[in-house]
Amino acid sequence: MKTLEEIEKLSPEELEAQAAAQGVHAPQDLQQRLRETLAARELAQTARPRPARWIPYASLAVAAAAAALVLLPSSGPKDTFDDPYLAYAEVEKAFRTISDKMNSGVELAREAGEAAEIPQNILQKIQSK
């Protein structure tokens with residue numbers, strides 16, 4: 001068995017000659033399989049999908065969507081609070097809830113970060129030896 005350096009030094013002609021000398025033969029049906037593969041590729045390239053089948057369905061879907069947009073009543077958001085101070089208080093309450101949840105999530109991420117540094121420190125100690 002030759003090393004990689006010996007193989008790299010050989011010219012393509014020498015490599016081909018050595019391969020032929022070893023007596024490795026191609027499978028008997030290789031030529032037939034290659035012809036079938038090339039024929040299948042040729043058929044796949046020449047066969048094109050017929051877009052006429054899906055065009056009526058697509059146009060029908062677009063028409064239905066347009067009709068739904070025109071016919072359905074479009075109502076904007078309703079104001080659920082009559083008192084603006086009460087609405088502002090609800091917004092503050094929602095932001096406070098979001099802030100509390102974010103704080104607990106940040107704390108969990110901080111703890112996970114400390115635990116994630118342990119394997120990295122171990123690997124650095126091993127590499128520094």
Side-chain angles (χ1 to χ4, degrees):
M1 185 112 215
K2 294 187 182 248
T3 64
L4 184 59
E5 291 80 19
E6 292 173 344
I7 293 173
E8 288 177 346
K9 291 179 184 176
L10 294 175
S11 69
E13 292 80 18
E14 291 172 330
L15 283 172
E16 193 172 319
Q18 288 183 6
Q22 288 182 359
V24 177
H25 299 289
Q28 292 179 355
D29 64 337
L30 178 64
Q31 188 173 12
Q32 178 65 25
R33 291 190 316 199
L34 287 173
R35 285 183 181 162
E36 290 172 356
T37 302
L38 291 173
R41 178 189 281 176
E42 186 68 29
L43 285 174
Q45 289 177 351
T46 57
R48 299 201 173 137
R50 297 170 55 192
R53 289 185 177 177
W54 58 269
I55 288 177
Y57 299 115
S59 60
L60 183 62
V62 169
L69 287 175
V70 171
L71 297 177
L72 292 177
S74 59
S75 61
K78 294 181 180 178
D79 192 7
T80 55
F81 294 98
D82 294 332
D83 184 13
Y85 293 109
L86 184 59
Y88 185 75
E90 286 296 320
V91 169
E92 281 186 339
K93 181 180 169 186
F95 283 152
R96 192 175 314 112
T97 304
I98 292 170
S99 177
D100 292 342
K101 299 294 183 182
M102 286 291 293
N103 287 338
S104 63
V106 167
E107 184 61 33
L108 284 173
R110 188 175 295 121
E111 291 172 7
E114 293 170 2
E117 290 177 1
I118 294 171
Q120 185 178 3
N121 293 337
I122 293 172
L123 288 173
Q124 287 176 350
K125 287 180 184 178
I126 292 173
Q127 289 178 348
S128 66
K129 289 183 180 181

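Heavy atoms only: backbone and side chains are in, while hydrogens, waters and symmetry mates are out.
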Are more than 12 heavy atoms from other residues, nucleotides or ligands located less than 6.0 Å from atom CD of E92?
yes
Within the structure provided, determine whether L4 and E8 are in side-chain contact (heavy-atom separation under 4.5 Å).
yes
D82, CG: over 12 other non-hydrogen atoms inside 6.0 angstrom
no
Take atom CD of E36 as the centre, draw a 6.0 Å sphere, and report whether it contains more than 12 heavy atoms from other residues, nucleotides or ligands.
yes
Can you tell me if S99 uses its side chain to pair, donor with acceptor, with the backbone of F95 under 3.5 Å?
no
Give a yes or no on whether the backbone of D29 and the side-chain of Q32 come within a donor-acceptor separation of less than 3.5 Å.
no
Here the gap from E6 atom CD to L10 atom CG, rounded to the nearest 0.5 Å, amounts to 8.0 Å
How close do S104 and K101 get, heavy atom to heavy atom, and via which atoms?
OG-O, 2.8 Å
Flag yes if more than 12 heavy atoms outside R41 fall under 6.0 Å of its CZ atom; otherwise flag no.
no
Can you list every salt bridge (charged side-chain N to carboxylate O under 4.0 Å, His left out) pair that touches residues 110-125, not counting sequence neighbours?
E107-R110
Do I126 and I118 share a hydrophobic cluster, counting only Ile, Leu, Val, Met, Phe, Trp and Tyr and linking them when any side-chain heavy atoms are less than 4.5 Å apart?
yes
Return the CG to CZ distance between L30 and R35, rounded to the nearest 0.5 Å.
11.0 Å
Using a cut-off of 6.0 Å, state whether more than 12 heavy atoms not belonging to F81 lie near its atom CZ.
yes
Are L108 and M102 linked, directly or through other ILVMFWY residues, by side chains that come within less than 4.5 angstrom of each other?
no
Heavy-atom side-chain contact between E42 and L38 under 4.5 Å
no
Nearest 0.5 Å please: distance from the OG1 atom of T3 over to the NZ atom of K9.
7.5 Å
